[in-house]
Amino acid sequence: MSQVFISHRKPDADLAKRLAQELTDAGHQVWLDEWEIGIGDSIVERIEQGLQGTAYLVLGYSAAGMSLWVDREWMSTLHRQLSGQAVKILPVLLSGGGQPPALLADIKYADLVTDWDKGVAALLQAIR
């Protein structure tokens with residue numbers, strides 16, 4: 001199965017964890033910050049390791065907006081993608097009425113707000 005990195009803001013941590021568990025239950029290897037970064041770990045190093053091995057970056061966005069960390073994660077992944085690496089950004093609306101970053105506005109997203117189960121099913125179809 002695929003390696004999936006979940007990028008999200010702290011206000012959406014519970015939803016990101018729920019999504020991570022569902023993707024894990026479907027057989028995917030999921031990188032989620034609270035699962036992978038332990039006390040005493042270098043946050044930057046652990047994120048870098050997670051991003052290097054991922055095939056899909058699930059970009060969770062919401063009314064909470066974006067953060068510097070989330071921006072760095074998706075921008076570095078976009079750079080890898082544009083450089084020819086086999087990685088794909090999958091936008092996901094986690095809560096509220098948030099907007100994706102302008103550079104990703106034309107990419108179809110999974111809507112977990114309107115219908116969580118339908119959105120997760122669509123996301124799982126995108127992850128091969």
Do [X] and [Y] come within less than 4.5 Å of each other through their side chains, counting heavy atoms only?
X   : Y   : value
Q21 : K17 : no
K10 : D33 : yes
I43 : W69 : yes
W74 : S7  : no
L32 : T24 : no
Q52 : Q49 : no
W31 : V58 : no
V70 : Y61 : no

Shared hydrophobic cluster for [X] and [Y] (ILVMFWY, side-chain gaps under 4.5 Å):
X    : Y    : value
L93  : L103 : yes
L94  : V120 : yes
M75  : I47  : yes
L123 : Y109 : no
L15  : V113 : no

Would you check, one step at a time, whether the test side-chain contact (heavy atoms from CB on, under 4.5 Å) holds for M66 with L59?
CA-CA 10 Å; M66 302 300 277; L59 175 60; 3.8 Å; yes
Just by modelled atom types, is the [Y] backbone N or O under 3.5 Å from a matching donor or acceptor in the [X] side chain?
X    : Y    : answer
R128 : A126 : yes
T77  : L57  : no
T54  : G50  : no
S62  : G98  : no
S83  : Q85  : no

Are more than 12 heavy atoms from other residues, nucleotides or ligands located less than 6.0 Å from atom CG of D14?
no
Take atom CD in Q81; do more than 12 heavy atoms of anything else shown fall under 6.0 Å from it?
yes
Nearest heavy atoms of [X] and [Y], plus distance in Å:
X    : Y    : value
P91  : I89  : CD-O, 3.5 Å
G97  : A63  : N-CB, 4.0 Å
G119 : A110 : O-CB, 3.6 Å
A105 : P100 : CA-CG, 4.0 Å
A13  : E34  : CB-OE1, 4.4 Å

Quick one: pull up [atom1] in [X] and [atom2] in [Y] and give me the separation to the nearest 0.5 Å.
X    : Y    : atom1 : atom2 : value
L51  : F5   : CG    : CZ    : 4.0 Å
L104 : D106 : CG    : CG    : 7.5 Å
R9   : L68  : CZ    : CG    : 10.5 Å

For L124 and H28, run side-chain contact (heavy atoms from CB on, under 4.5 Å): C-alpha distance rounded to whole Å, both residues' side-chain angles, the deciding distance at 0.1 Å, then the answer.
CA-CA 9 Å; L124 286 170; H28 298 291; 3.8 Å; yes
